[in-house]
Amino acid sequence: MSPADFTIHECSRPECGLRYPYVIDFEFGESCPRCRGETQIVEHQKRAPELINDPSETLDQKIELLIDNVRSVWNVGSIFRTAEGFGVSKIHLCGIAPTPDNIKLKKTALGSETQIPWQYYPNGVSACQELLSQGSYLIGLETTEKAVLVEKIQAPSLCRWVLIVGNENCGIDPGILPLCNQLTQIKMQGRKRSLNVAVSVGVALYQLRML
Ligand SMILES: [Zn+2]
């Protein structure tokens, strides 16, 4: 999706003063979304056409993604968009994970679902076994004692890497964990031990791309 021209509006009521980008299908029309008062245009932004990368020039290592039983369409849609941005070459969807056939997923994936080849498997364990037999190197993203930090992963550079994420509440399927060639985790500094699954895929892909 290419960024559109847009205007910045400001609410005319001094006691409100909301400043926001105006989007054409805003449910409030041109009135202030905070106080419903009148607004005025304070900036008019013309956008240059979005630059398109040639993936063949930027990719030397093939990275694929396996999404097992991630339940939320928003999470899977967001993962598609992130994966497209980082040049993921294929997405494997397993179990209850929604596929791009789902209308709601198209909304969050913003067109990226048409750019990445994907395949659905009802059983994530057999999907992993199949990928292993094809010579893929499976990297499970899971917070466990055995997991190394993403930036310290040592994966053979010649084979296809498949980053695996599991369900929002249960994590990676216990039948998939022993099939992973490596387990990896993201260094956390807050009190929570994990990130939202779509966010963690973004962080992990960014770091895998640096290796
Ligand atoms: Zn207002």
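Counting starts at 1 for both ligands and their atoms, in listed order.
Ser136 pairs by the side chain to side chain donor-acceptor pair (under 3.5 Å) definition with Arg160, not counting sequence neighbours.
Contact between Thr108 and Gly77 at its shortest, heavy atoms only, is OG1-CA, 3.5 Å.
Of the N and O atoms on the side chains of Asn75 and Asn196, at least one donor lies less than 3.5 Å from an acceptor on the other residue.
The existence of a salt bridge linking Arg34 and Glu15 is excluded, since no basic side-chain nitrogen approaches an acidic carboxylate oxygen closer than 4.0 Å.
For the Zn ion (ligand 1), the neighbouring protein N/O/S atoms at less than 2.8 Å, given as residue and atom, are Cys11 SG, Cys16 SG, Cys32 SG, Cys35 SG.
Sorted by first and then second residue, the pairs that involve residues 88-107 and meet ring pair (Phe, Tyr, Trp, His ring centres under 6.0 Å), not counting sequence neighbours, are His92-Tyr121.
Side-chain heavy-atom separations under 4.5 angstrom define the hydrophobic clusters, and the remaining members of the one that includes Leu138 are Leu66, Val125, Leu131, Leu132, Val162, Ile164, Ile172, Ile176, Leu177, Leu179, Leu183.
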